[in-house]
Amino acid sequence: MSAEDVRAGRPPPAPKALPVLGVILAAVLLGSAGLFVILAEATAPTAAFLRCWIAVIVLAPSAVLELRRHGRFPPKAILIAAVSGAALGIDYVLWAQSVLDAGLGVSTVLISVQVIVFPALVWAFGGSRPGWLFIGCVPVMIIGMLLTGGVFGADDTAANPTRGAIFGVLSGVLYGVYIFGIHHSRKVAGDFVVAPVQVGTIAAGVMTAVAGLTLGGLDFDLGWAGWGWMIALAVCGQALSWVLLSISSPLVPVPMTAALMLLQPLSAVVLGSLIAGERLQAGQWIGAVLVALTVWVVGGGPEALTRRRRR
């Protein structure tokens, strides 16, 4: 938007179609990740380990080209990306177990707690204080997560809904830590898109290896079909989705990005119902809607609607 447009009071131009499409595709791919875990029939540590290390191989050529183009990746950015990636590794193990325990839809909705964790971390580390709207959304998010987790009844087909709900919330907290770290890594090294993701994925892979050895080892005897689904998880639910989001989200207004990212839990619930045979109870549907509304509000949805009416 030019200075002349600002002085004339003209509205900012609409985001281009390709970045919007990139955010949509990233959200749907992230929402389908849990389905790949279920179809692969892998243990949680194995799924998390393979998700990371296959993605490292896929991202390597792009990361090398980026380093050749922009030079050395700053050490401070490496440290931040590595620490946040370690949190992501634990997140992946917990989330994969949450998928196996509580189901694809429930686990993906619960991980949305990151929309509260990320602004809270920004505030805690010297950023601006969230507004009262954000603070008011926190108890609504908590109620929504309790309902989604099955406090008033869960899917009868779920293996361990209580443990799955707890792990889903914990994974969402760690997910918020990862996003906070990658956000700061990008601020330190603004020219790099793939490198922060690659460093974070390597650190996550190390943590999943530690978790796998601690919890009884990793099982790579998945068969051809299992390996195929794990490759799909690493490529679609890890490498491609995060790179698309890193490229596209800065080109799309934050409220629109927040609204489009609601496709992640929505696609997970739909895929879980159509393919995995999951059936959420009435209370879980109410909780999922509350969580979705909280994500929309925290993401700036009401402000976007107000601006649209003024135009």
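These numbers come from the heavy atoms of this one structure, side chains and all, not from hydrogens, waters or symmetry mates.
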Hphob cluster co-occupancy, Tyr92 + Phe180, side-chain heavy atoms under 4.5 angstrom: yes

Qualifying residue, where the test is side-chain contact (heavy atoms from CB on, under 4.5 Å) with Leu233 and the options are Leu50, Leu29, Leu35, Val37: Val37

Parallel, tilted or perpendicular, as decided by the 30° and 60° cut-offs, for the rings of Phe49 and Phe220: tilted

Minimum side-chain heavy-atom gap Leu174-Trp95 below 4.5 Å: no

Straight-line distance of Ile90 CD1 to Ser171 OG, nearest 0.5 Å: 11.5 Å

Ala77: side chain to side chain contact (heavy atoms under 4.5 Å, CB included) partners, not counting sequence neighbours: Phe73, Pro74, Ser185, Val188, Ala189

Over all atoms of both residues, closest heavy-atom pair of Ala87 and Val177: CB-CG1, 3.9 Å

From Leu30 atom CG to Leu244 atom CG, the distance as rounded to the nearest 0.5 Å: 9.5 Å

Over all atoms of both residues, closest heavy-atom pair of Ser98 and Ser107: OG-CB, 3.2 Å

Nearest atoms (heavy-atom pairs only) where Val93 meets Ala211: CG2-CB, 3.9 Å

Residue pair Leu290 / Val140: nearest heavy atoms and the distance that separates them: CD2-CG1, 4.2 Å

ILVMFWY cluster, Leu94 and Val169 together (side-chain gap under 4.5 Å): no

From Arg51 atom CZ to Thr46 atom OG1, the distance as rounded to the nearest 0.5 Å: 14.5 Å

Closest contact, heavy atoms only, Val56 versus Gln198: O-NE2, 3.1 Å

Between CD on residue Glu41 and CG on residue Leu100, distance to nearest 0.5 Å: 10.0 Å

hydrophobic_cluster_shared for Val193 and Ile78, side chain cutoff 4.5 Å: no

Rounded distance (nearest 0.5 Å) linking atom CG of Asn160 with atom CZ of Phe167: 8.5 Å

Pairwise distance CG(Leu218) to CG(Leu213) - rounded to 0.5 angstrom: 6.0 Å

More than 12 heavy atoms of other groups within 6.0 Å of Glu66 CD: yes

Minimum heavy-atom distance Pro45-Leu215, with the two atoms named: CG-CD1, 4.0 Å

For Ser84, side chain to side chain contact (heavy atoms under 4.5 Å, CB included) partners two or more places apart: Tyr178, Ile182

Side-chain touch Ile111/Asp91, heavy atoms, less than 4.5 angstrom: yes

Co-membership, hydrophobic cluster, residues Leu240 and Val58, 4.5 Å side-chain: no

With sequence neighbours excluded, residues passing side-chain hydrogen bond (donor to acceptor under 3.5 Å, both in side chains) with Thr208: none

Full working for side-chain contact (heavy atoms from CB on, under 4.5 Å) between Val64 and Leu67: CA-CA 5 Å; Val64 170; Leu67 290 171; 5.6 Å; no

side-chain contact (heavy atoms from CB on, under 4.5 Å) between Met230 and Leu222, worked out: CA-CA 9 Å; Met230 289 294 5; Leu222 304 176; 3.7 Å; yes

Single-linkage hydrophobic cluster Trp53~Leu59, side-chain heavy atoms < 4.5 angstrom: yes

